[in-house]
Amino acid sequence: MKYWHIFLAFFIPGILGYGGGPASIPLVENEVVRRYEWMSVQEFSEMLALANSLPGPITTKLAGYIGYVEGGTLGAVIGVFAAVAPSLIIMILLLGVLYKYKDSPKVQRLTLYVRPVIAILLGIMAWRFFQTSFEGIGLWQVLLITISSFLLIERMRIHPAIVIGITLVYGAFLL
């Protein structure tokens with residue numbers, strides 16, 4: 001039953017996570033934190049930060065790590081397969097149809113209507129991360145890290161993985 005839960009925890013977000021990794025993250029978080037309670041919001045946010053600093057698709061990294069923690073090597077394999085299976089199936093079945101109608105105004109409008117939903121999902125997830133951060137390190141630390149990260153990424157054009165690494169080192173020295 002544990003392996004079935006691992007499969008569902010990543011297959012369902014794979015089906016519903018239109019747009020790839022960023023759209024799937026809140027869905028994975030819901031499954032892992034709320035539904036199965038394998039992690040707390042704090043643990044998930046730490047894992048997400050570390051996974052974002054590594055190369056490759058985010059959902060497969062999350063699936064591999066969580067699957068391994070919950071079910072060992074077989075759990076990791078099942079998690080990664082479940083994360084990529086919906087895209088694989090949809091690509092095989094619908095690639096010809098989508099390619100034929102990709103320039104259709106209706107298809108383009110569909111993608112425009114989905115974007116606000118993805119933005120809301122990401123906003124809710126970010127809000128939850130900020131709430132747990134306030135509880136864990138306090139308002140001033142959260143503001144310092146948020147403003148510094150923004151300036152480093154947007155103004156100084158430092159790669160986000162380096163900013164995450166800097167933040168990890170900063171956090172390690174505060175412990």
Side-chain angles (χ1 to χ4, degrees), residues 2 5-6 8-73 75-76 78-80 82-84 87 114-175:
K2 171 177 42 174
H5 289 162
I6 292 170
L8 289 177
F10 294 99
F11 188 76
I12 293 169
I15 292 171
L16 302 175
Y18 178 82
S24 297
I25 293 170
L27 300 171
V28 170
E29 188 247 354
N30 184 66
E31 296 293 313
V32 171
V33 174
R34 298 196 186 291
R35 184 172 183 190
Y36 295 111
E37 298 178 349
W38 291 331
M39 297 180 154
S40 67
V41 173
Q42 179 69 28
E43 291 169 328
F44 185 83
S45 64
E46 290 170 0
M47 179 199 50
L48 180 63
L50 185 58
N52 268 324
S53 69
L54 300 172
I58 187 69
T59 308
T60 54
K61 292 181 281 189
L62 296 175
Y65 176 78
I66 295 167
Y68 183 79
V69 169
E70 292 302 316
T73 303
I78 290 170
V80 171
V84 300
S87 297
V114 170
R115 287 180 185 168
V117 175
I118 294 169
I120 294 298
L121 288 171
L122 289 170
I124 290 169
M125 184 183 69
W127 179 252
R128 288 181 188 150
F129 287 173
F130 277 118
Q131 283 179 318
T132 58
S133 296
F134 289 142
E135 295 166 5
I137 61 174
L139 175 64
W140 295 111
Q141 291 292 336
V142 170
L143 289 175
L144 173 70
I145 292 169
T146 302
I147 292 168
S148 300
S149 297
F150 175 80
L151 292 174
L152 290 170
I153 293 170
E154 291 297 321
R155 299 286 187 225
M156 300 176 74
R157 303 283 187 225
I158 295 176
H159 193 278
I162 295 171
V163 175
I164 290 170
I166 291 168
T167 307
L168 288 170
V169 171
Y170 176 75
F173 283 116
L174 289 179
L175 294 176

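Values reported hereafter were calculated over all heavy atoms of this structure, with side chains retained and with hydrogens, waters and symmetry mates removed.
- Distance check: Ile162 CD1 to Ile153 CD1 gives 10.5 Å after rounding to the nearest 0.5 Å.
- The two residues Phe44 and Ile25 have their closest heavy-atom pair at CZ-O, 4.0 Å.
- Taking the side chain as every heavy atom from C-beta outward, Ile66 and Trp38 approach each other to under 4.5 Å.
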Identify all side-chain donor-acceptor contacts of residues 138-152 below 3.5 Å with residues at least two apart in sequence or on another chain.
from	atom 1	to	atom 2	distance (Å)
Gln141	OE1	Tyr170	OH	2.6
Thr146	OG1	Val142	O	2.7
Ser148	OG	Leu144	O	2.7
Ser149	OG	Ile145	O	2.7

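- Here the straight-line distance linking atom OG1 of Thr132 with atom CD of Glu43 works out to 11.0 Å at 0.5 Å rounding.
- With Arg35 contributing its side chain and Val32 its backbone, the two residues share no donor-acceptor pair below 3.5 Å.
- Between Ala51 and Leu62, the shortest heavy-atom distance links the atoms CB-CD2, 4.2 Å.
- Inter-residue side-chain proximity for Met125 and Leu48 is flagged as met; some heavy-atom pair is nearer than 4.5 Å.
- Counting heavy-atom neighbours within 6.0 Å of Phe134 CZ, excluding the residue itself, gives a total above 12.
- Taking 4.5 Å as the limit, some side-chain heavy atom of Ile124 sits within range of a side-chain heavy atom of Arg128.
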* Test side-chain contact (heavy atoms from CB on, under 4.5 Å) applied to Leu50 and Ser53, step by step -> CA-CA 5 Å; Leu50 185 58; Ser53 69; 3.9 Å; yes
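- Arg115 pairs by the side chain to side chain donor-acceptor pair (under 3.5 Å) definition with nothing, not counting sequence neighbours.
- Between Thr59 and Ser24 the shortest heavy-atom distance is OG1-CB, 3.7 Å.
- Scanning for ring pair (Phe, Tyr, Trp, His ring centres under 6.0 Å) contacts around His159 gives an empty result, with sequence neighbours left out.
- Pairing each heavy atom of Tyr36 with each of Leu8, the nearest pair is OH-CB, 3.8 Å.
- Judged by distance alone, the side chain of Lys61 and the main-chain N or O of Gly56 form a donor-acceptor pair under 3.5 Å.
- Rounding to the nearest 0.5 Å places CG of Asn30 at 10.5 Å from CG of Leu16.
- With hydrogens and angles left out, the side-chain atoms of Glu135 and Gln131 include no donor and acceptor closer than 3.5 Å.
- What you find for Val33 and Ser40 is that their closest heavy atoms are CG2-O, 3.9 Å.
- Minimum heavy-atom separation, Pro13 to Leu27: CB-CB, 3.6 Å.
- The CE atom of Met47 sits 9.5 Å away from atom CD of Glu29, with the distance rounded to the nearest 0.5 Å.
- Counting heavy-atom neighbours within 6.0 Å of Tyr65 OH, excluding the residue itself, gives a total of 12 or less.
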